[in-house]
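Structure first, commentary second.
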Amino acid sequence: MKLAVFSSRKWVVDSFNQLNDKYKFDITYFEARLYNKTIPLTKGFDAVCVFVNDTVDEEIITGLKENGVKQIALRCAGFNNVDIEAAQKHGISVVRVPAYSPYAVAEHTLGLILSLNRKFHKAYTRVRDGNFALDGLLGFDLHGKTVGVIGTGKIGEIFINLVKGFGCKVLAYDKFPNEKLKAAGIEYVDLQEIYKHSDVISLHCPLTFETFHMINEYAIASMKTGVMIINTSRGPLIDTDAVIAGLKKGKVGYLGLDVYEEEEELFFEDHSETVIQDDKFVRLQTFPNVLITAHQAFFTREAILNIAETTFENINMFFKDGESPNTVLPKKTSKA
Ligand code: NAD
């Protein structure tokens, strides 16, 4: 089984090699992303393994088919970057890792909230500089605040339990409410109610046609002045122009991002010696009340091991038995 792993980094190579003693796949690691210029690299491989910022649209899938690739193994949960219909049309299996550590993402989300509020990142550099003044570091009690959670699946549920522990009131929205949370007394409301009443809004739904730019100028206009918006899900859930306008007006009081609309060109690379060309991203960084991490919410020891294990098992089952339990099907034929 010849496997091409794209967007490889040291942590990917280390975790995969550690497991490969058991599976004995013939693995080639490419640092490059999978996109139209790197399709030729896939010739002769049985499967390709990709991550969140690899583009797997119809053009790429056609190229994969021509090169003999039979499976696309996503080493992440979200599959918005893969054209599932095109893969099915070309007879290529798509598998994913539905859950590797929802705790990692939920805990990082809480970290962004606490850091934005209590300004740990600023306090750290101040104290190291011998500046012990408190001006500018004023926060608020999270206890008693209303937290709006959009998407109450695996990550949303854990996040809700974390903020409940802080004594927050939770308002939830999901297209398919979580029965466990409902039974536990979590209040489900419509999006407008979330926007109107929440002090903190956290996004945990997938990126779909429906959720693309859900946080737009109209959504922001109906939020509380000074609202904190947190996105650890997928960048395009937020219309960056609209959130910049909201920050400039003071309507958005805090913004915490682990994902960004145009992150493919930036994240997972060291750009410290280059001039960043993405003006919107640079503008976001100028706000004192914006905190950005570069898609690291998943990045814990436990999650990485789980990603490697599930990915290898997905590939192994497909090439041994012809199917994997973590196969992603087009919406119409999906069992989900
Ligand atoms: P999940 O499938 O368990 O939960 C997603 C929830 O969103 C479901 O309950 C679903 O019903 C709901 N949903 C679907 N469409 C919706 C809509 N239009 N409006 C509101 N809710 C809707 O997924 P999860 O494991 O909780 O992950 C959530 C998201 O987190 C993923 O889609 C992925 O994009 C993101 N994620 C980010 C990282 C990271 O490192 N930043 C890591 C893993 C996952």
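FYI, the numbering just counts along the sequence from 1. FYI, side chains are in, hydrogens and waters are out, and symmetry mates aren't considered; it's all heavy atoms of this structure. We count ligands from 1, going down the list as the structure has it; atoms in each ligand are counted the same way.
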Distance alone, cut at 3.5 Å: any donor-acceptor contact between the side chains of [X] and [Y]?
{"X": "Asp239", "Y": "Tyr218", "result": "no"}
{"X": "Glu302", "Y": "Ser101", "result": "no"}
{"X": "Asp57", "Y": "Thr55", "result": "no"}

Discussion item. List the protein residues in contact with ligand 1, where contact means a heavy-atom separation under 4.0 angstrom.
Written reply: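 Lining ligand 1: Tyr100, Val105, Gly151, Thr152, Gly153, Lys154, Ile155, Tyr173, Asp174, Lys175, Phe176, His204, Cys205, Pro206, Thr211, Thr232, Ser233, Arg234, Asp258, His295, Ala297, Phe298.
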Worksheet entry | Stepwise side-chain contact (heavy atoms from CB on, under 4.5 Å) check, Leu112 with Tyr254 | CA-CA 10 Å; Leu112 285 176; Tyr254 310 81; over 6 Å; no
Worksheet item: Would the Trp11 and Phe298 ring centres measure less than 6.0 Å apart?
Response: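 Under 6.0 Å, so yes.
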Discussion item. Looking at every non-hydrogen atom in both residues, tell me the closest pair between Val290 and Ile292 and how far apart they are.
Written reply: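 Taking every non-hydrogen atom into account, CG1-CG1, 3.8 Å.
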